[in-house]
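Structure first, commentary second.
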Amino acid sequence: MADTWLITQKPSFITEWMGLPPKESHQVLEKINLLLQDPTPDAKVKKQLKYMGGKLHRLRAGRYRIFYTFEHPYVSLLALRKRDDDTYDDNIDAEFLGGLDPDLTGGSQPQQPNWEKIFAPQETPKTPLPEPITADLLERLRIPKVCHPRLLPIQDRETLFDCPGIPDDIILKLDEYLFERPLIEVLQQPDFIAHDTADLLRFKAGDLLGFLLKLNPEQEKFVTWAANAKGPTLLKGSPGTGKSTVALYRTREILHRLKAAGVESPRILFTTYTNALVTFSEQLLKQLLGDDLRYVEVKTADKKIGALIHSVTGKPNIVDDRDLKQILAKVMDAVMASLPGNLLQQQAQRLILERLPSDYLLEEIGSIIESRELTTLEDYQATSRAGRMVPLNRVQRQAIWHLREHLNQHLAAQGWETWEQLRSRGAELLRTLENPPVYDAVIVDEAQDLPPNTLRFLVQLCQAPNRLFITADANQSIYGSSFRWGDVHSDLRFVGRTGILRTNHRTTAEIDTAAHHYLQAGLLDDELIERQYINYGPPPAVRAVADTAAEGQLLAQFCRMAAREFRLGIDACAILTPSERSGKDIAGQLSYLGLEATFMGSKELDLNKTGVKVLTLKGAKGLEFPIVAIAGFIGSRFPYMPKATPEEAVQEILTRERRTLFVGMTRAMRALLVVVPEKKPSVLLQGFDESLWNLGKTTA
Ligand SMILES: Nc1ncnc2c1ncn2[C@@H]1O[C@H](COP(=O)(O)OP(=O)(O)OP(=O)(O)O)[C@@H](O)[C@H]1O
């Protein structure tokens, strides 16, 4: 029996095909059908070329050439080119290749956009369009009619990019069709699966909304891996290796398995870390599952805990940070007056309570005692406090325990509780409920920041440990300093079921390498993992600015020029800031400079909004943007260091904030700029290695 072949295609291939006139479009499709019967070269219609180590092939379809590769079961459609002369076959023009080296099987890099050009643009000559924009073409590309009057008169590329009132995705689609993308850039695009040419036709007619991403082999493995084992599965990997993507596909796989096993209405919980990620993941799951999304609940763990407590014991009353600090100040006298032990011990306890700032004390109580559900002083004395850099001996821990008791009494008297206490109450409630509202499967994405009590809650929500799937990257942990699976739950033993993804699909090798080098000082997970890349580009850049006005100008120029240089729209740009205030200031400044920009708090995040998105560094967790600038440090207290913070705690804060910056850097897909203050930059904004970062002339 003949082999069965499936199609994968690049997004630019689809646009090129959709733009063809009907006759040619049909002809190309017929040729693809032939290709699916047998993609091997015949030296006539199908020919093997010398590029990509002999993997690149071309197929003739009238005046068009289809460039493809194949490896069973996939025929991968890369590009469609109109060529009139037949001499083209073996010696493809250099422009089409865009720097692809015939002798190399991989590792070729596209031409690098030039940073100096981005920061000091000169007037560029107009590039005429290779063919006119016609109503027919716009129809074929399914560009809405309202846009036609503005697009039809355009004759050059620069005017196309500056066309007011036309959404970026439309401009980019037209540009993609009109200007051939060099093959080396095409190769960096993801592959999408279309089972057959009928799928392509359905997509063209608007009956199919999108295609599924083709996973790489290691990702494919973890979609099904250990699904029938006894315990849970953990998937680790650096940023951008596709952990969340695999979690989504695993959800689909579990759903299919549950249905195949006769579960009529499966219930799956998919938890993400932030509200923004809930919206994002829901959209992706909708594409993947269609109507079956109704079997999956997407929520943050905190929402789930809050809802359960609300339904069983009534609405929780959470104390806010300011009130909590006030209560701490209020109870301190009574705490000092009632310290246990002999005089010497009391003196030592008094000293530590005076020495540690209130933030540190509250964090110790919240993230160590409450989050770990430590209920006795003995348990607290025995706990490892990993990641906390101020060492505390037995007597000092006793002081903190004593403080915690007073604090809790006071909170209880007011009918208040902290988030940490609420999470513990949620976990406890599940343990005691006769019929806990469990799920058939629980997927936990970005688990590295979940406190132990929350993880326990989620473990208990899952009917069977083998239906628990967790993704995590300890180096991206920014909320807590400590992260040890062993502390968490006996059901969280992953021995033999821990997978690691190595290929970064998001960030270019240059940005990711520079970000990891920057992180080195704050590394939590020192397991050496060899990283592999799909994308290459220019090194990230650092620029120093004297004041906020100069910063605004620089950011506006960077966003405009980088968007153009990378053939992306301004929508592709994000600016990440250390605080909401600096984010709002920058958004205001960019708007003043004529660039559409919106600050988005994590609750009002709308990734479909046009213009530059300005977010806090923490709010950007788990998200990604093609072009990223990290800015807003002038006049901001970054990193925030409470007064009189002891030296060891300073180190702890610096390490954590270094990870925050690392998370921000690794949100970038193609271009990254870090803007630092010229005067007195924090130590975290110094020491960028010039072999990895473009430091420019203006850098401190
Ligand atoms: N096989 C693939 N082919 C093409 N693109 C991919 C593939 N796998 C993942 N991607 C893309 O890479 C990007 C990063 O994926 P994803 O968000 O799943 O990574 P992650 O490991 O969860 O990252 P982080 O830990 O930073 O949140 C996404 O744009 C995703 O669509």
Side-chain angles (χ1 to χ4, degrees), residues 9-32 58-68 77-89 91-100 110-111 123-187 189 197 200-201 203-206 563-569:
Q9 85 282 347
K10 301 286 185 184
S12 54
F13 180 91
I14 281 286
T15 308
E16 286 158 358
W17 172 70
M18 281 178 62
L20 294 184
K23 196 172 136 223
E24 271 97 345
S25 156
H26 189 71
Q27 193 176 33
V28 165
L29 223 50
E30 277 190 345
K31 290 289 176 190
I32 297 175
R58 75 101 184 94
L59 166 75
R60 250 193 251 173
R63 287 158 61 204
Y64 289 86
R65 304 284 182 275
I66 298 167
F67 292 88
Y68 69 96
L77 305 174
L78 305 176
L80 191 58
R81 296 289 181 261
K82 187 174 175 185
R83 290 292 180 263
D84 288 330
D85 70 3
D86 269 343
T87 58
Y88 177 68
D89 283 353
N91 296 308
I92 304 177
D93 46 27
E95 210 176 311
F96 167 53
L97 292 167
L100 188 68
Q111 282 177 353
E123 270 300 300
T124 39
K126 300 247 186 258
T127 321
L129 300 184
E131 66 177 89
I133 297 178
T134 61
D136 244 12
L137 173 63
L138 297 180
E139 287 283 336
R140 293 198 300 266
L141 291 175
R142 297 221 318 268
I143 293 179
K145 275 227 159 41
V146 285
C147 303
H148 293 199
R150 290 193 180 189
L151 293 170
L152 286 169
I154 293 176
Q155 296 189 5
D156 64 82
R157 194 178 191 191
E158 287 65 31
T159 316
L160 173 65
F161 269 101
D162 287 334
C163 187
I166 303 292
D168 272 353
D169 55 333
I170 291 183
I171 292 179
L172 296 172
K173 197 197 269 187
L174 252 179
D175 184 65
E176 184 82 65
Y177 176 79
L178 292 166
F179 291 92
E180 294 181 352
R181 193 181 274 276
L183 188 61
I184 189 136
E185 283 181 31
V186 173
L187 291 174
Q189 294 182 344
T197 48
L200 298 184
L201 280 172
F203 182 74
K204 194 172 182 182
R564 177 75 54 87
E565 193 72 22
F566 289 91
R567 296 182 71 171
L568 296 157

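Worth saying up front: this structure is predicted, and the values here are computed from it rather than measured. One is the number of the first residue; the rest follow in order along the sequence.
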Quiz prompt | Results of ring-ring contact (aromatic ring centres under 6.0 Å, His included) for Tyr68 - residues two or more places apart only | solution = His57
Quiz item: What pairs with Gln9 under side chain to side chain donor-acceptor pair (under 3.5 Å), at least two apart in sequence or on another chain?
Solution: none
Practice problem: Could you walk me through whether Met18 and Phe203 pass side chain to side chain contact (heavy atoms under 4.5 Å, CB included), step by step? | Solution: CA-CA 9 Å; Met18 281 178 62; Phe203 182 74; 3.7 Å; yes
Quiz item: If you round to the nearest 0.5 Å, how far is CG of Leu29 from CG of Leu201?
Solution: 5.0 Å
Quiz item: Take atom CD in Glu131; do more than 12 heavy atoms of anything else shown fall under 6.0 Å from it?
Solution: yes
Quiz item: If you take all heavy atoms of Glu180 and Lys82, which pair is closest and at what distance?
Solution: OE2-N, 4.5 Å
Quiz item: Taking only residues two or more places apart in sequence, or in another chain, which ones meet Gln189 in a side chain to side chain donor-acceptor pair (under 3.5 Å)?
Solution: Ser12
Quiz item: Can you find a heavy atom in the side chain of Leu174 that is under 4.5 Å from one in the side chain of Ile154?
Solution: no
Exercise. Hey, could you give me the CG/CD1 distance between Leu59 and Ile32, rounded to the nearest 0.5 Å?
Key: 8.0 Å
Exercise. Kindly compute the distance separating CD (Glu24) from CZ (Arg63), expressed to the nearest 0.5 Å.
Key: 6.0 Å
Exercise. Kindly say whether Pro11 contributes a backbone atom to a donor-acceptor pair with the side chain of Thr15 at under 3.5 angstrom?
Key: yes
Quiz prompt | Considering all heavy atoms, the nearest Gln27-Gly62 contact | solution = NE2-CA, 4.0 Å
Quiz item: Which heavy atom in Leu129 sits nearest to a heavy atom in Arg157, and how many Å separate them?
Solution: CD2-N, 3.7 Å
Quiz item: Out of curiosity, Glu16 CD to Lys10 NZ, how far, rounded to the nearest 0.5 Å?
Solution: 12.5 Å
Practice problem: Identify the heavy atoms of Lys204 and Leu20 that sit nearest to each other, and give their distance. | Solution: NZ-O, 4.4 Å
Quiz prompt | Distance, nearest 0.5 Å, that separates CG of Asp156 from CZ of Phe161 | solution = 11.5 Å
Exercise. Compare every heavy atom of Leu151 with every heavy atom of Leu160, then report the nearest pair and how far apart it is.
Key: CD1-CD2, 4.0 Å
Quiz item: Near His148 NE2, under 6.0 Å, is it more than 12 heavy atoms from other residues, nucleotides or ligands?
Solution: yes
Practice problem: Return the set of residues passing side chain to side chain donor-acceptor pair (under 3.5 Å) with Glu176 (not counting sequence neighbours), or none when no residue passes. | Solution: Arg181
N/O donor to acceptor pairs below 3.5 angstrom from side-chain atoms of residues 166-173, sequence neighbours left out:
residue, atom, partner, partner atom, Å
Asp168, OD2, Ile570, N, 2.7
Asp168, OD2, Asp571, N, 2.9
Lys173, NZ, Leu141, O, 2.8

Quiz prompt | Leu137 versus Pro132, closest heavy-atom pair with distance | solution = CD2-O, 4.3 Å
Practice problem: Report the distance from atom OG1 of Thr127 to atom CZ of Phe179, rounding to the nearest 0.5 Å. | Solution: 6.0 Å
Quiz item: According to the side chain to side chain donor-acceptor pair (under 3.5 Å) rule, which pairs have a member within residues 133-142, sequence neighbours left out?
Solution: Glu139-Lys145
Quiz item: Within 45° of the six-membered ring axis of Phe67 and under 6.0 Å from that ring's centre, is NZ or CZ of Arg81 located there?
Solution: no
Quiz item: Taking side chain as C-beta onward, heavy atoms only, is Arg567 less than 4.5 Å from Asp175?
Solution: yes
Quiz item: So, Trp17 side chain and Ser25 main chain: donor-acceptor pair closer than 3.5 Å or not?
Solution: yes
Quiz item: Are any non-hydrogen side-chain atoms of Arg58 and Ile66 less than 4.5 angstrom apart?
Solution: no
